[in-house]
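Letters A, B, ... are given to chains in the order of the sequence lines, protein chains preceding strands, and every chain is numbered from 1. These numbers come from a predicted model, not from an experiment.
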Protein chains: 2
Amino acid sequence: MEPGTVESRVHEAMHRLTAAEKRVARGLLANYPTIGFAPVAEFSRQSGASAATALRFVAQLGYGSYPEFQRALRQELEERVKSPLQRGLARPPAPGRDDQFLDRFFHQAVGNLHATARRIPSSEFEAVCARIADGKGACHLFGGRFTDAIAAYTEAHLRLIRPGVRRLDGRASSRNDQLLDVKPGDTAIVFDVRRYDPQLVATAASLAARRVFVVLVTDAWISPVSRHAKIVLPCETGTDRTWDANLVLFATMEALIARTTELCWASASNRMGLGEPS
Amino acid sequence: MEPGTVESRVHEAMHRLTAAEKRVARGLLANYPTIGFAPVAEFSRQSGASAATALRFVAQLGYGSYPEFQRALRQELEERVKSPLQRGLARPPAPGRDDQFLDRFFHQAVGNLHATARRIPSSEFEAVCARIADGKGACHLFGGRFTDAIAAYTEAHLRLIRPGVRRLDGRASSRNDQLLDVKPGDTAIVFDVRRYDPQLVATAASLAARRVFVVLVTDAWISPVSRHAKIVLPCETGTDRTWDANLVLFATMEALIARTTELCWASASNRMGLGEPS
DNA sequence: TAACCTCTGTACCAGTTGTTCCGGAAATGT
DNA sequence: ACATTTCCGGAACAACTGGTACAGAGGTTA
């Protein structure tokens, strides 16, 4: 029998699997390796497939029988338990192939996350969350070409936990109709990353002139919007590729959403009961 | 059944065990818990006892049958393998210092990223990127209440590297005007996470019926859309908070964007160098 | 639309497993 | 040393598991 862990075999064989067999594969990877120790009936049922399909699946992996498959699983588990330090992420970085793309990309993302956690002072982060949570004044969000989607995501969540949340089109500059119901004491969250958008700066300037508390979420090089911002959350977006990774901005906003939800849990749960979609 | 891990039960029951039963107990503790997943014959042989003795042993532990004993063992292992994700959350019980929030949140995100990299076979990921990069057929994106923002972000990027990218309103179900210019051979990327949206399923079904290649980006529990999907990219979204973290979906799409950009660029230069048709 | 092919679940068979029973061995007390 | 009790393992039995053949469903092509 060829070498390789069961998990690696699943990945390798995935392409030649049929639809139902893939469901079984995903089911195995989902709770790996425990479900593999169950009898075929339970193993297949958990993936919503029939026992026969599960059998064909293990055959595709190269095992002669289901017990043989389980034996391999046991040996593998034994290896992992015997080396207490190898636990977790110590997987051999097999080079050469491009099929490691996801691994490499995520690895880099992890680096960015750590760098960002170091760069953002928790006092700044907390201040933003607290301000949004107290619910005083409206909360306006807007971003640039790509970051607008992040603004939209944040808006969708904040709407559930407090009133007065709205997203305005930052690229339409400082059009008056947008700024009509902006009042002093409001909060604005601006997203701007490299290739900084001049129109965002203009809009932010207008808001700042109206005594709006401006929060800027930007990259490590800091958007010029910072001139008008009370608080800046700089995120590490470094990557060696064509575009920078906005992933960390997204992560920061999701952390902000979670934290803000914690801070005003009472009013949030009130709204969740009412604001469910159709 | 009374509480307690299998291992603790062994220790607790040790005194009332007979000589041969104790050998079995020691054998189990020696390579715990792997040997327990073997059939009784092998399990007992490894301790130099008979099968009958091993059966009496598990009866002494309080289990009604050998399969029941194995089931308990599996559940226990499942808890242990899930714990690494909970380790990031094991810290928070100290609520006095909340200034670690960002650190904790990002730490958990890192765990989710690793889990996702393990769960998504690279062949699946590559298949999606290749299909989008080749530019044949249109590419439709849509998502649910929150994930719609991720669809929008992806759309904004894909528009730059290939034609025929558009986002449709997945929550408007399968309205005909949306499906008018959908052709067989097109590709659709569907986003759906827990609290799965029935309308997304409906839309995906309509697309699949029209021979559209459906790609599903979902969470670890797998949206029912998977029934109509050719490829599924399951992302780990686990968190102990009110909402799951869609961060990993975002990360996966950003990786997809980066990879697809690479592929487009490579194929472009290939055409120039080799003059390869089709 | 119709024919074809692949895929998938059901039904059934065979093999193995778990379980029990009982004879004998070992140990203990008299 | 004998009797009694406890314990152990081999063997028979029954339940269940894994394996396979088959037919229907779904999708693809002409």
Side-chain angles (χ1 to χ4, degrees), chain A residues 13-28 35-74, chain B residues 13-28 35-74 136-137 182-188 204-214 225-232:
Chain A
M14 185 63 88
H15 64 90
R16 59 185 127 118
L17 296 180
T18 66
E21 287 167 3
K22 280 185 184 176
R23 294 217 307 268
V24 178
R26 282 194 293 270
L28 175 59
I35 191 62
F37 293 123
V40 203
E42 186 177 343
F43 175 52
S44 57
R45 192 183 323 133
Q46 185 256 1
S47 312
S50 71
T53 304
L55 270 309
R56 285 188 279 261
F57 165 71
V58 303
Q60 283 294 328
L61 293 187
Y63 299 104
S65 70
Y66 191 73
E68 184 180 332
F69 159 74
Q70 289 188 318
R71 215 171 306 142
L73 223 46
R74 258 182 290 149
Chain B
M14 186 68 87
H15 63 88
R16 59 186 129 126
L17 297 179
T18 68
E21 288 168 2
K22 279 185 183 176
R23 299 213 325 259
V24 177
R26 299 204 165 279
L28 174 59
I35 191 62
F37 293 122
V40 206
E42 186 175 345
F43 176 51
S44 57
R45 193 185 323 135
Q46 184 257 1
S47 311
S50 72
T53 305
L55 267 311
R56 283 188 281 262
F57 165 70
V58 302
Q60 282 297 325
L61 293 187
Y63 298 105
S65 70
Y66 191 72
E68 185 181 330
F69 160 73
Q70 289 188 317
R71 215 171 306 144
L73 223 46
R74 260 182 288 147
K136 295 175 189 166
V182 170
K183 299 185 183 64
D186 284 0
T187 305
S206 302
L207 289 171
R210 291 166 183 248
R211 308 280 150 70
V212 170
F213 190 93
V214 174
V225 169
S226 62
R227 286 197 58 82
H228 309 104
K230 283 281 197 301
I231 289 186
V232 179

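- For B:Y66 and C:dT16, the OH to C1' distance is 14 Å, given to the nearest whole Å.
- Residues from residues 41-60 of chain A with heavy atoms under 4.0 angstrom of DNA chain C, sorted by number: A:S50, A:A52, A:T53, A:R56.
- Ring-plane geometry between A:F37 and B:F37 is classed as parallel, the angle between the planes falling under 30 degrees on a 0 to 90 degree scale with a further cut at 60.
- Between the CZ atom of B:F37 and the C1' atom of C:dG18 there is a distance of 18 Å, given to the nearest Å.
- Here the shortest heavy-atom pairing between B:A49 and B:V24 reads CB-CG2, 3.8 Å.
- Residues B:H228 and B:V214 approach most closely at O-CB, 3.4 Å, considering heavy atoms.
- Whole-Å rounding puts the B:R227 CZ to D:dG26 C1' distance at 11 Å.
- Using a 4.5 Å cut-off on side-chain heavy atoms (C-beta onward), A:F57 and A:L61 make contact.
- For A:R16 (side chain) and A:Q60 (main-chain N/O), a donor-acceptor pair under 3.5 Å exists by modelled atom type.
- Electrostatic pairing of A:E42 and B:R71 does not count as a salt bridge here, judged by no charged N lying under 4.0 Å from a carboxylate O.
- Without hydrogens or angle criteria, A:Q70 side chain to A:A38 main chain gives a donor-acceptor distance under 3.5 Å.
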Produce the list of close N/O pairs, under 3.5 Å, pairing protein atoms with atoms of nucleotides 27-30 of chain D; give distances to one decimal.
residue: D:dT28; atom: OP2; partner: B:R211; partner atom: NE; Å: 3.3

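- Heavy-atom distances under 4.0 Å link DNA chain C to A:T18, A:A19, A:A20, A:R23 of residues 16-28 of chain A, given in residue order.
- Judged by distance alone, the side chain of B:R56 and the main-chain N or O of B:E21 form no donor-acceptor pair under 3.5 Å.
- For the pair A:I35 and A:G27, the tightest heavy-atom approach, listed with the atom from each and the gap, is CG2-O, 4.0 Å.
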